[in-house]
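One structure is given here, and the rest of the page talks about it.
Keep in mind that this is a model prediction, so the values were computed, not measured.
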2 protein chains.
Amino acid sequence: MREPTFWILTALATEPRHGYALIQEADRLSDGRVKLQAGTLYAALDRLVDEGLVQPDREEIVRGRARRYYRLTDDGATALDAEVARLQAGVNTANAQLSARRFGLGQATAGLVIA
Amino acid sequence: MREPTFWILTALATEPRHGYALIQEADRLSDGRVKLQAGTLYAALDRLVDEGLVQPDREEIVRGRARRYYRLTDDGATALDAEVARLQAGVNTANAQLSARRFGLGQATAGLVIA
DNA sequence: CTCCATATAAAGAAGATCTGAATATAGACG
DNA sequence: CGTCTATATTCAGATCTTCTTTATATGGAG
């Protein structure tokens with residue numbers, strides 16, 4: 001699962017949202033780090049609907065513009081759960097490796113003497 | 001950063017390794033979940049050297065075959081560190097969203113009465 | 001003698017994302 | 001009154017990484 005997809009599912013986890021709202025929610029949830037591109041978003045939504053991770057929810061017309069709402073399916077929540085576990089495992093492994101690296105290189109600290 | 005790249009940097013964090021050893025190390029570190037493809041690996045190594053995250057270390061000839069070792073640069077370690085922090089932030093956010101979802105849906109537990 | 005593990009390389013396809021532009025309307029600002 | 005910005009979706013084309021497949025080479029196991 002790629003990052004934009006991950007953030008779309010994450011943003012949809014709490015409640016149904018329409019495309020444009022997802023762009024803002026991903027931005028908010030990530031403290032401004034994730035800027036979903038419109039092209040990426042709508043293509044990903046179509047794909048996620050095909051895969052059954054997301055479902056069309058309802059459609060509203062606000063100020064002449066259609067808002068198409070999507071919601072996370074149970075399969076989608078399960079997939080996001082699995083992805084989170086996978087990512088956490090990778091993060092833990094990388095942290096352990098980086099710690100070992102620092103241990104190997106930072107030999108000065110091992111010889112630190114309290115004077 | 002994509003996953004194969006992430007695992008290459010993670011596997012290189014502790015000591016220099018050659019390509020084939022990286023395939024095995026990524027497999028081991030991920031408990032068999034990550035199978036680096038040879039095509040992916042060697043292409044990624046070239047790219048990472050270009051980007052300065054990895055450096056050629058030394059070359060050995062074992063049983064007529066060349067082993068080209070690579071090691072993680074300080075920039076590479078910094079990049080992996082940053083990636084780990086980024087991933088952890090995403091994981092935390094997704095977990096919070098998934099918890100909120102469960103809270104919203106699993107209303108039965110809120111009304112649980114000790115009889 | 002063939003199969004398997006070791007070790008790297010390179011070409012072509014696949015697939016998600018990115019870039020940029022198009023379309024449409026309401027409200028704000030000057 | 002006209003322009004700019006925010007809202008909202010769509011599409012075409014490019015990019016980039018990864019995947020697949022194939023090729024090459026050799027030592028050891030069966």
Side-chain angles (χ1 to χ4, degrees), chain A residues 1-12 16-28 30 32-51 53-54 56-70 76 79-80 83 86-87 90, chain B residues 1-12 16-28 30 32-51 53-54 56-70 76 79-80 83 86-87 90:
Chain A
M1 187 184 296
R2 304 273 228 284
E3 290 228 30
T5 299
F6 173 85
W7 285 100
I8 290 166
L9 297 186
T10 296
L12 282 179
R17 293 179 204 278
H18 58 96
Y20 196 80
L22 283 172
I23 292 174
Q24 300 167 95
E25 184 65 2
D27 185 285
R28 192 184 70 78
S30 68
R33 281 187 286 268
V34 176
K35 307 283 183 187
L36 289 181
Q37 304 300 314
T40 304
L41 171 69
Y42 293 104
L45 281 172
D46 288 344
R47 185 169 39 81
L48 290 168
V49 169
D50 283 348
E51 292 170 4
L53 304 190
V54 156
D57 188 66
R58 66 186 188 279
E59 206 162 319
E60 288 177 3
I61 308 288
V62 178
R63 287 201 286 270
R65 249 144 283 117
R67 285 182 177 174
R68 211 159 307 138
Y69 283 76
Y70 295 89
L80 182 55
E83 179 67 6
R86 229 174 49 75
L87 290 171
Chain B
M1 188 184 298
R2 300 275 225 284
E3 291 228 28
T5 300
F6 173 85
W7 285 100
I8 289 166
L9 297 186
T10 295
L12 283 178
R17 293 179 204 278
H18 58 97
Y20 195 80
L22 283 171
I23 291 174
Q24 299 167 97
E25 183 65 4
D27 185 285
R28 193 184 69 80
S30 68
R33 282 187 285 269
V34 176
K35 307 284 184 188
L36 289 182
Q37 304 301 313
T40 303
L41 171 68
Y42 293 104
L45 281 173
D46 287 344
R47 186 168 40 81
L48 290 168
V49 168
D50 282 348
E51 292 171 2
L53 304 189
V54 157
D57 188 66
R58 66 187 189 278
E59 206 162 320
E60 287 176 3
I61 308 289
V62 177
R63 287 201 285 271
R65 251 144 280 115
R67 284 183 177 172
R68 211 158 304 140
Y69 284 75
Y70 296 88
L80 181 55
E83 180 67 5
R86 228 173 50 75
L87 291 171

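Between D:dA8, C:dT8, D:dT18, one nucleotide has an atom nearer to the side chain of B:Arg2 than all others, and that is D:dT18.
For B:Asp27, the salt bridge (Lys or Arg N to Asp or Glu O under 4.0 Å) test picks out B:Lys35, with sequence neighbours left out. For A:Thr5, the side-chain hydrogen bond (donor to acceptor under 3.5 Å, both in side chains) criterion is met by A:Arg47, not counting sequence neighbours. Residues passing the side-chain hydrogen bond (donor to acceptor under 3.5 Å, both in side chains) test with A:Arg68, sequence neighbours excluded: none. With sequence neighbours excluded, no residue satisfies side-chain hydrogen bond (donor to acceptor under 3.5 Å, both in side chains) with A:Arg65. Scanning for ring-ring contact (aromatic ring centres under 6.0 Å, His included) contacts around A:Tyr20 gives an empty result, with sequence neighbours left out. Partners of B:Arg67 by salt bridge (Lys or Arg N to Asp or Glu O under 4.0 Å), not counting sequence neighbours: none found. Scored by the side-chain hydrogen bond (donor to acceptor under 3.5 Å, both in side chains) test, B:Tyr69 finds B:Glu60 as partners (sequence neighbours excluded). Here B:Arg86 pairs with A:Glu3, B:Glu83 under the salt bridge (Lys or Arg N to Asp or Glu O under 4.0 Å) rule; sequence neighbours left out. Evaluation of the salt bridge (Lys or Arg N to Asp or Glu O under 4.0 Å) rule for B:Asp46 yields no partner, not counting sequence neighbours.
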Quick one: which protein N/O atoms are closer than 3.5 Å to N/O atoms of nucleotides 10-14 of chain D? Pair and distance per line, please.
from   : atom 1 : to      : atom 2 : distance (Å)
D:dT10 : OP1    : A:Arg68 : NH1    : 2.6
D:dT10 : OP1    : A:Arg68 : NH2    : 3.4

Could you list the protein-to-nucleotides 26-30 of chain D atom pairs, N/O on both sides, closer than 3.5 Å?
from   : atom 1 : to      : atom 2 : distance (Å)
D:dT26 : O4'    : B:Arg65 : NH2    : 3.0
D:dT26 : O2     : B:Arg65 : NH2    : 2.9

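The NE2 atom of B:His18 sits 11 Å away from the C1' atom of C:dT8 (whole-angstrom rounding). Whole-Å rounding puts the B:Met1 CE to C:dA16 C1' distance at 18 Å.
For the pair B:Arg17 and B:Ala11, the tightest heavy-atom approach, listed with the atom from each and the gap, is NE-O, 3.0 Å.
Applying the 4.0 Å criterion to OP1 and OP2 of C:dT17, one finds that A:Arg47 has a side-chain N or O inside that range. OP1 and OP2 of C:dA5 both lie 4.0 Å or more from every side-chain N or O belonging to B:Gln24. B:Arg67 has a side-chain polar atom (N or O) that falls below the 4.0 Å cut-off from OP1 or OP2 of C:dA7.
Heavy atoms of A:Ala66 sit under 4.0 angstrom from primed sugar atoms or phosphate atoms, though from no base atom.
Shown for residues 4-11 of chain A: no residue has heavy atoms falling under 4.0 angstrom of DNA chain D.
Using a 4.5 Å heavy-atom cutoff, the side chains of B:Ile8 and B:Tyr70 are not in contact.
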